Amino acid sequence: MSKGWKVASTYSQRAKFHSTNLLKAETVKVPQMAESISEGTLKSWLKQPGDVVQADEEVATIETDKIDVSVNAPAAGRITELLANEEDTVSVGQDLFRFEPGAADEVAPKEQKSSEEGKDLKETKDATEPKDQQVEKGTPPPPSPTPEQVRKPDPAGVQGGTAKKEVKETSKPAPAPAPKESKEQPAPAPRVPGSRNETRVKMSRMRQRIAERLKESQNAAASLTTFNEIDMSSVMEMRKKYKDEVLKEHDVKLGFMSAFAKACCLALKEIPAANASIEGDEIVYRDYVDLSVAVATPKGLVTPVVRNAETMNFIEIEKEIAALGKKARDGKLTLEDMAGGTFTISNGGVFGSLYGTPIINLPQSAVLGMHAIKDRPVVVDGQIVIRPIMVVALTYDHRLLDGREAVTFLVKVRDYLEDPRKMLLAA
């Protein structure tokens, strides 16, 4: 085969390769996120045009007011075009990116073959060029004169007086213009030590939703907070005695959350209004407890739900809370993990908070706030002793709970925690 036919064959193969891929190109749309979510913010592209992806590999992340949604590749192949920019608002069903399907292990050999064909084509072209048109490669261009060589005068001119005089006259600077009369300038502002920079960052959808919900709670609920103190000696002694055994047998740490959750479930049975909610002109009472546990994440506060917490023991509650907490920190929570909830526990003590008034998570009617444990002097049987004390707060909706019910609920929680054996005797 002649060299001309070889070149034409290479061009036809490349054209065929590209046209075939274009016919197979697909457009990936924004997926359905949830019934109540119709749009979101495109936070980041994890892949760029030309990148090879595997099936179900994450390509982009869309942030909504509740969760982050991952957009994955429908099959192995290559990304060809991005149809939206980061921070754009995208709607369900909108075109998001274009994609050429094909096995990922086939894409790389095709690219390598294409580059080899291009190299062969270049060598063929070089071979067919006449020798007089080929430029010798690797020969450096002649060096340019240095500034000293440019400024160096001709020796003959230097010896002659005329040339030296012309150079001297030419180098004489021009007379400076007369200064213009300027008006008196105002004195500069005094300098302040330190930085005066400001940074503006757009609020995330989740943070906007949290702000909206908190303000809605303050406006809608008749919130009131009652406080009490709990001697944590018995719970701490129980935890110290059994935590190693629990960790060894069940691979979970025994903390205080399971004890508080169990105590609240028992107290909610006795004070059902704290587990109720208002819907229109009706009060909805529940015989189950879906416990919302507040978890702080880099994006904001979320409240995943422990379903039917009243049926669980200490170990089961700890396992469920640990699993939900890990999903929250990894950004893997789903809408199902956070939907519902009949009562909330918020533990600000992990950050060192001593007192606080938690905000009700509507449509719930109450929220329990835990705080830091501190040694304090207390009177026990007429003697002043030092005991580990935690201040707890119950914020409740006065439209549903009266003061008597709210205080009774908190006292029962205190009694269960100061003597955990009472939890075994509760009906």
Side-chain angles (χ1 to χ4, degrees), residues 210 212-232 235 256-294 301 303 305-311 317 339-349 353-371 378 389-420 422-423 425-427:
I210 291 172
E212 178 184 335
R213 293 270 298 167
L214 293 176
K215 192 58 184 174
E216 179 185 353
S217 176
Q218 286 185 328
N219 294 338
S223 299
L224 191 63
T225 305
T226 182
F227 298 89
N228 217 314
E229 293 182 346
I230 299 177
D231 184 349
M232 298 291 291
V235 176
F256 297 127
M257 283 297 297
S258 56
F260 273 87
K262 195 64 180 178
C264 287
C265 289
L266 295 173
L268 289 171
K269 278 188 177 183
E270 302 179 53
I271 311 294
N275 195 44
S277 63
I278 297 177
E279 292 185 7
D281 58 354
E282 297 178 338
I283 300 175
V284 180
Y285 293 95
R286 302 175 177 88
D287 58 0
Y288 60 89
V289 178
D290 284 350
L291 197 63
S292 299
V293 180
L301 187 70
T303 53
V305 179
V306 179
R307 309 286 176 187
N308 288 100
E310 80 283 356
T311 64
I317 292 175
T342 61
F343 184 84
T344 297
I345 297 179
S346 176
N347 186 7
S353 173
L354 290 176
Y355 299 95
T357 55
I359 299 178
I360 298 172
N361 183 17
L362 290 181
Q364 299 173 17
S365 60
V367 53
L368 180 75
M370 300 167 55
H371 300 95
V378 296
I389 302 297
M390 175 190 288
V391 176
V392 290
L394 180 74
T395 299
Y396 59 97
D397 190 346
H398 215 326
R399 298 176 300 167
L400 268 177
L401 280 84
D402 294 329
R404 177 185 63 84
E405 295 171 308
V407 173
T408 301
F409 173 87
L410 200 56
V411 168
K412 287 188 176 295
V413 171
R414 180 200 66 188
D415 292 344
Y416 283 131
L417 291 168
E418 289 188 342
D419 189 358
K422 289 184 178 180
M423 298 188 199
L425 302 175

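Computed from a predicted structure; not experimentally measured.
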Mind listing the closest non-hydrogen atom pair of [X] and [Y] along with its distance?
{"X": "Ser217", "Y": "Leu362", "result": "CA-CD1, 3.5 Å"}
{"X": "Ala366", "Y": "Leu394", "result": "CB-CD1, 4.1 Å"}
{"X": "Glu405", "Y": "Ala273", "result": "OE2-CB, 4.2 Å"}
{"X": "Leu291", "Y": "Ala261", "result": "CD2-CB, 3.4 Å"}

For the pair [X] (side chain) and [Y] (backbone), establish whether a donor and an acceptor sit closer than 3.5 Å, ignoring hydrogens and angles.
{"X": "Gln364", "Y": "Gly341", "value": "yes"}
{"X": "Ser223", "Y": "Ile360", "value": "no"}
{"X": "Asn361", "Y": "Phe343", "value": "no"}
{"X": "Glu310", "Y": "Cys265", "value": "no"}

**Report entry** side chain to side chain contact (heavy atoms under 4.5 Å, CB included) between Phe256 and Met390, worked out
**Finding:** CA-CA 11 Å; Phe256 297 127; Met390 175 190 288; 5.5 Å; no

Query raised in the report: Per the side chain to side chain donor-acceptor pair (under 3.5 Å) rule, which among Thr225, Thr357, Thr344 passes with Thr395?
Result: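 Testing each of Thr225, Thr357, Thr344 against Thr395, the sole residue satisfying side chain to side chain donor-acceptor pair (under 3.5 Å) is Thr225.
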
Query - Sole candidate of Asp287, Asp290, Thr342 that passes side chain to side chain donor-acceptor pair (under 3.5 Å) when paired with Asn275 - result: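 By the side chain to side chain donor-acceptor pair (under 3.5 Å) criterion, Asn275 pairs with just one of Asp287, Asp290, Thr342: Thr342.
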
Query - Residues which pass salt bridge (Lys or Arg N to Asp or Glu O under 4.0 Å) with Arg213, listed by chain and number, not counting sequence neighbours - result: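 Once residues adjacent in sequence are excluded, Arg213 has no partner under the salt bridge (Lys or Arg N to Asp or Glu O under 4.0 Å) criterion.
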
Report task. Go through the structure and list residues passing salt bridge (Lys or Arg N to Asp or Glu O under 4.0 Å) with Glu270, not counting sequence neighbours. Result ->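 If we apply the salt bridge (Lys or Arg N to Asp or Glu O under 4.0 Å) test to Glu270, skipping adjacent residues, the hits are Lys412.
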
Query raised in the report: Aromatic rings His371 and Tyr355: how do their planes relate, parallel, tilted or perpendicular, breaks at 30° and 60°?
Result: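 If you compare the ring of His371 with that of Tyr355, the planes turn out tilted.
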
Query raised in the report: Hey, what do you get for CZ (Phe409) to OG1 (Thr226), rounding to the nearest 0.5 Å?
Result: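 Between Phe409 CZ and Thr226 OG1, I get 11.5 Å after rounding to 0.5 Å.
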
Query - Option among Val391, Ile345, Ile230 that satisfies the side-chain contact (heavy atoms from CB on, under 4.5 Å) test with Met370 - result: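 Exactly one candidate clears the test, Ile345.
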
Query - Residues Asp402 and Arg404 bridged, charged N to O under 4.0 Å - result: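 Salt bridge flag = no for Arg404 with Asp402.
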
Requested in this report: Could you list the residues that satisfy side chain to side chain contact (heavy atoms under 4.5 Å, CB included) with Asn228, not counting sequence neighbours?
Outcome: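 Partners of Asn228 under the side chain to side chain contact (heavy atoms under 4.5 Å, CB included) test: Val392, Leu410, Val411, Arg414.
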
